[in-house]
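Convention: sequence-line order gives letters A, B, ...; per-chain numbering from 1.
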Amino acid sequence: MTREDVLAVVVKHLANAVDGLDAATVDPTRSLKEYGANSLDIVEVVSGAMRELKVKVPRSELNKLTNIDGLVGLLYEAKSGAPVGAGTGA
Amino acid sequence: MWNDFNGRAVLVTGGTRGIGLATGLAFGRRGADVTLTYKWGPDDEQPILDAFAAAGARTPHLVQADAAHDDDITEVLRGIRARHERLEVLVCNAAFGVPVSGVGDYSRRAFHAGLDASAWPLVSHVQAAQAVFGRAPRYVVGVSSEGAESMHVGYDLIGAAKAALETLCRYLHYRLHPHGTNVNVVRTRFVDTASLAATFGDGFADFVRTYEPDVLTPPDAVAEAIVGLCAGPMDAIGGQVVTVDGGAGLYENFSRLFQERHLHPIRTKETA
């Protein structure tokens with residue numbers, strides 16, 4: 001599975017959670033909140049992606065995330081075992 | 001007649017921290033074979049394993065399972081079934097809810113999310129146990145909170161889910177008691193855990209301690225009460241909501257604060 005595959009999973013769950021969101025317009029350098037995700041949406045996006053990818057990520061790592069790219073990196077690392085580091089959300 | 005938990009299967013959902021972990025340890029100290037579930041997972045499982053070892057308990061089974069997903073809990077129960085013929089104790093501690101800041105935050109989706117994770121598992125987990133083991137657990141204990149009956153800021157929908165949990169407890173006990181199962185709920189108040197901070201803010205526990213340290217209930221105290229409900233001598237207690245707060249809910253009121261006003265400078269809304 002590639003990092004792009006993981007991004008597609010996250011974007012899919014984000015589009016499911018946020019009404020009216022066009023998945024094709026999602027910029028991974030932005031945060032979930034910037035796309036209108038509230039706290040419940042964020043939980044559902046993250047847990048849904050983890051479930052689909054069959055990975056688990058500690059809560060403390062999730063709390064550090066600031067953008068979608070960071071989440072993708074964390075999930076990809078968990079899936080592949082390849083350390084890529086979480087995005088910092090500049 | 002005191003029950004012997006040695007070698008008996010105990011399942012605690014949301015069991016890797018706070019009340020859940022304390023409960024797992026309490027049963028583990030008494031020899032139980034404990035399974036702890038988690039949704040997000042601890043950063044490092046080793047401290048949990050070390051705590052059980054230090055307590056002289058069997059190594060616990062840590063399993064990722066979302067309490068709101070039936071497939072997950074069935075899988076957990078099948079794992080227990082591979083080792084035991086019966087689930088002795090089910091503690092439904094896992095919970096989830098969305099804090100709200102106003103009526104505008106209310107949503108059917110948020111309401112259902114709270115029910116799915118915090119109330120319905122009391123039923124779904126019992127049903128799953130019946131399917132896997134052929135019978136319900138000997139003891140079922142849910143973990144509720146005072147927010148089911150009293151107002152706490154932001155707790156609107158979470159409190160509603162807890163109220164549903166407590167009502168389900170009564171009916172579930174009525175249905176299952178003739179078949180040898182006891183169902184009860186422990187209702188906590190302020191327990192100093194990560195969940196308390198997540199719900200009410202990082203400084204909340206320190207704020208409470210400032211006014212009355214005894215108001216905070218240690219997780220271990222809640223855990224021992226849960227064990228007590230499953231220990232045998234309290235088998236005549238069923239379908240009940242048992243408040244575990246050291247009595248703090250009885251005396252936290254304005255009459256006491258007035259008597260102790262010399263200890264706590266009070267500013268009115270006008271002078272603040």
Asker: Show your working on side-chain contact (heavy atoms from CB on, under 4.5 Å) between A:Val43 and B:Lys39 and close with a plain yes or no.
Answerer: CA-CA 11 Å; A:Val43 167; B:Lys39 178 174 177 175; 3.9 Å; yes
Asker: Around atom CG of A:Asp19, are there more than 12 heavy atoms from other residues, nucleotides or ligands closer than 6.0 Å?
Answerer: no
Asker: Heavy atom to heavy atom, less than 4.5 Å: which residues from residues 99-120 of chain B reach chain A?
Answerer: B:Arg109, B:Ala110, B:Ala113
Asker: How many angstroms lie between atom CG of B:Asp71 and atom CZ of A:Arg51, to the nearest 0.5 angstrom?
Answerer: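 B:Asp71 CG to A:Arg51 CZ: 7.5 Å, rounded to 0.5 Å.
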Asker: Does A:Leu40 form a side-chain contact (heavy atoms from CB on, under 4.5 Å) with B:Phe96? I'd like the steps, not just the answer.
Answerer: CA-CA 10 Å; A:Leu40 178 57; B:Phe96 169 78; 3.6 Å; yes
Asker: Please classify the contact of A:Ser60 with chain B as side chain, backbone, both or neither, using a heavy-atom distance under 4.5 Å.
Answerer: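 The answer is both parts of A:Ser60.
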Asker: Let me know if A:Asp41 has heavy atoms under 4.5 Å from chain B in its side chain, its backbone, both or neither.
Answerer: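 Both parts, heavy atoms under 4.5 Å.
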Asker: Quick check: do B:Trp40 and A:Leu62 have side-chain heavy atoms less than 4.5 Å from each other?
Answerer: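 With C-beta onward as the side chain, the pair touches.
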Asker: If I take atom OH from residue B:Tyr38 and atom NZ from residue A:Lys56, how far apart are they, to the nearest 0.5 angstrom?
Answerer: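 One gets 2.5 Å once the value is rounded to the nearest 0.5 Å.
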